[in-house]
Amino acid sequence: MNIFEELKVRGLIFQTTDEAALVKALTEDSVTFYTGYDPTADSLHLGHLVPILNMRRLQLAGHNPVALVGGATGMIGDPSFKDSERSLQTTETVANWSNSIKNQLSRFLSFEGDHAAKVVNNYDWFSTMNVLEFLRDIGKHFTINYMMSKESVKSRIETGISYTEFAYQILQGYDFYQLNENHGITLQIGGSDQWGNMVAGTDLIRKKSGNETHVITVPLITDSTGKKFGKSEGNAVWLDADKTSPYEFYQFWLNVADADAVKFLRIFTFLSLDDIDSLAKVFEAAPHERLAQKTLAKEVVSLVHGEAAYEQAVNISEQLFEGHIKALSVKDIKAGLKDVPNHTVTGDFDGNLVNLLVDAKISPSRRQAREDITNGAIYLNGERQTDLDYVLSDTDKLENELTVIRRGKKKYTIVNY
């Protein structure tokens with residue numbers, strides 16, 4: 001099975017230009033290809049991971065990856081399937097975001113050896129171009145009819161689109177031309193929403209130089225319900241550990257639906273297709289053991305954050321499940337219990353447990369608080385407390401910073417001092 005066939009089987013190809021010519025190039029030669037990443041935030045997110053992993057798969061197959069950071073296009077914003085105009089960022093902000101993205105990409109691609117990856121920034125060629133050059137040398141190759149036919153533009157005509165965003169496809173097309181001329185790049189890979197912008201590049205290259213170039217788009221990844229994949233509780237899942245912790249990242253993959261788990265193993269991991277098929281048989285026979293989700297979480301967390309971060313995430317999960325709060329650091333507790341209620345004690349806090357349960361709204365009344373303690377439903381840092389007269393002391397303050405109170409099996413509250 002060649003690399004193109006493998007990408008197809010994994011569900012990683014949505015559209016291509018000339019498939020026969022592309023397959024020939026990928027199987028008979030070493031192709032130099034690129035994927036672009038606009039810095040619209042200080043981190044890439046899960047939606048970027050599929051094209052990143054495709055870059056790595058092609059690199060492992062003997063091809064040469066170039067990551068294009070859109071230092072220039074990021075200052076404008078791609079209108080593709082956006083309901084409204086993007087907010088424009090300052091040059092300094094985009095430059096900082098570009099550096100962050102460059103550093104993140106270096107985790108996934110090898111920058112050494114025969115097929116070493118490169119990172120380029122389109123600000124390098126757009127920053128020195130004046131408006132006359134843009135109009136004469138690039139703009140003349142694009143007709144308004146051609147630009148209006150793109151879905152990314154048509155979807156915005158009724159609500160309105162500025163000339164700035166309207167011209168985005170020309171800029172992305174020129175990126176491909178520049179990279180073809182100066183780096184020998186003949187293939188661009190991107191998301192399915194980028195098709196119009198990407199073929200603008202192949203058309204421009206053909207008109208200006210007559211070279212044959214190719215495009216591959218990856219599909220929009222959806223779950224079994226048809227929902228766009230990559231968000232948790234409505235928020236983006238980031239590849240930056242400071243924005244989405246490795247523990248949260250681990251939990252995200254661990255909670256993938258049974259109907260999606262094997263599909264996502266093909267898309268997001270480097271396990272062989274044979275190994276995935278074997279694992280799928282075991283998983284289907286005993287889905288309650290969640291082998292597919294556990295394997296998925298291990299592979300993806302280790303890939304994005306490293307094996308140590310994966311092991312730490314597993315440890316946090318296991319210790320919380322067992323109620324071994326004292327076995328965790330305060331940092332790990334905060335990661336594992338990020339979304340639980342927090343209560344900060346006031347200056348007149350007397351340490352009385354009954355009062356604290358009421359003040360922190362763990363128990364609705366003093367009577368209920370006493371019942372909860374008597375019934376053994378209250379745990380301080382994982383240890384049951386049944387003393388109605390118990391007064392918290394410094395020994396209950398983990399790292400002199402917080403106490404974890406649990407009511408029942410799952411209701412956690414963090415008390416901060």
Side-chain angles (χ1 to χ4, degrees), residues 6 9-12 44-50 52-54 56-57 60 107-108 221-225 227-233 235-241 243-325 327-329 331-340 382 406 409-410 412:
E6 181 181 341
V9 172
R10 287 183 180 272
L12 293 171
L44 297 172
H45 54 70
L46 197 55
H48 296 110
L49 191 55
V50 176
I52 292 173
L53 298 185
N54 268 10
R56 179 163 172 167
R57 293 183 202 281
L60 292 172
R107 297 186 212 156
F108 302 95
I221 306 301
T222 57
D223 62 21
S224 53
T225 68
K227 181 182 176 183
K228 183 178 179 181
F229 183 72
K231 295 194 174 183
S232 178
E233 304 300 324
N235 299 314
V237 177
W238 300 96
L239 303 186
D240 186 331
K243 297 172 79 70
T244 299
S245 72
Y247 173 78
E248 293 174 283
F249 201 63
Y250 169 77
Q251 289 293 324
F252 175 83
W253 294 103
L254 203 61
N255 288 308
V256 162
D258 288 351
D260 297 316
V262 174
K263 168 187 170 182
F264 291 161
L265 280 169
R266 295 190 184 100
I267 293 172
F268 292 102
T269 80
F270 287 86
L271 295 175
S272 73
L273 291 170
D274 287 343
D275 286 346
I276 293 172
D277 289 342
S278 297
L279 186 150
K281 292 176 182 176
V282 178
F283 174 62
E284 289 165 8
H288 61 282
E289 294 183 0
R290 302 183 68 76
L291 176 62
Q293 287 92 337
K294 291 175 182 177
T295 305
L296 184 63
K298 178 181 180 180
E299 294 294 321
V300 184
V301 175
S302 297
L303 179 66
V304 174
H305 295 298
E307 289 187 15
Y310 162 73
E311 290 170 359
Q312 181 187 38
V314 172
N315 181 57
I316 294 172
S317 183
E318 291 177 346
Q319 300 300 346
L320 287 177
F321 181 78
E322 297 293 337
H324 299 160
I325 300 298
L328 297 171
S329 68
K331 180 181 178 181
D332 289 345
I333 290 169
K334 288 180 176 179
L337 299 177
K338 180 180 179 182
D339 298 321
V340 308
R406 190 179 95 224
K409 292 183 177 181
K410 294 183 178 180
Y412 283 97

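Because the structure is a prediction, the values reported are computed rather than measured. What you see below is based on every heavy atom in this structure, not just the backbone, and it leaves out hydrogens, waters and symmetry mates.
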note = Shortest non-hydrogen pair, Arg57 vs Leu12, comes out as NE-CD1, 3.5 Å
inquiry  = For Val304, is there any backbone N or O sitting under 3.5 Å from a side-chain donor or acceptor partner on Arg107?
reply    = yes
Worked check of side-chain contact (heavy atoms from CB on, under 4.5 Å) between Asp277 and Arg266 = CA-CA 9 Å; Asp277 289 342; Arg266 295 190 184 100; 3.6 Å; yes
ask   = Considering all heavy atoms of both residues, which atom of Ala261 and which atom of Gln293 are nearest to each other, and what is their separation?
value = CB-CD, 4.0 Å
inquiry  = Working note: Trp238 + Phe252, criterion ring pair (Phe, Tyr, Trp, His ring centres under 6.0 Å); need CA distance, chi angles, decisive distance, verdict.
reply    = CA-CA 11 Å; Trp238 300 96; Phe252 175 83; over 10 Å; no
ask   = How many angstroms lie between CD in Gln312 and CG in Asp332, if you round to the nearest 0.5 Å?
value = 4.5 Å
ask   = Using the ring of each side chain (for Trp, its six-membered ring), is Trp253 parallel, tilted or perpendicular to Phe264, with breaks at 30° and 60°?
value = perpendicular
query = Just how far is it from atom CD1 of Ile316 to atom NE2 of His324, taken to the nearest 0.5 Å?
reply = 15.5 Å
message = Rounded to the nearest 0.5 Å, what separates atom CZ in Arg56 from atom CG in Leu303?
response = 5.5 Å
task = Taking all non-hydrogen atoms of both residues into account, name the closest pair between His45 and Ala236 and its distance.
result = CB-CB, 4.4 Å
query = Is the shortest heavy-atom distance from the side chain of Lys334 to the side chain of Val340 under 4.5 Å?
reply = no
note = For Leu291 and Phe283, the nearest pair of non-hydrogen atoms, with its separation, is N-CD1, 4.1 Å
ask   = Taking atom NZ of Lys298 as the centre, does the number of heavy atoms from other residues, nucleotides or ligands within less than 6.0 Å exceed 12?
value = no
query = In Å, rounded to the nearest 0.5 Å, how long is the span from CG of Leu296 to OH of Tyr250?
reply = 11.0 Å
message = Rounded to the nearest 0.5 Å, what separates atom CG in Leu273 from atom CZ in Arg10?
response = 4.5 Å
ask   = Does a donor on one side chain sit under 3.5 Å from an acceptor on the other, for Asp223 and Thr225?
value = yes
Minimum heavy-atom distance Ile267-Leu53, with the two atoms named = O-CD1, 4.1 Å
query = Which atom pair, heavy atoms only, marks the closest approach of Ile276 to Leu271?
reply = CD1-O, 3.7 Å
query = Taking it one step at a time, do Ile325 and Leu320 satisfy side-chain contact (heavy atoms from CB on, under 4.5 Å)?
reply = CA-CA 6 Å; Ile325 300 298; Leu320 287 177; 3.7 Å; yes
Criterion side-chain contact (heavy atoms from CB on, under 4.5 Å) on Leu49 and Leu44, from CA distance to verdict = CA-CA 8 Å; Leu49 191 55; Leu44 297 172; over 6 Å; no
inquiry  = What's the separation between atom CZ in Phe249 and atom NZ in Lys243, rounded to the nearest 0.5 Å?
reply    = 14.0 Å
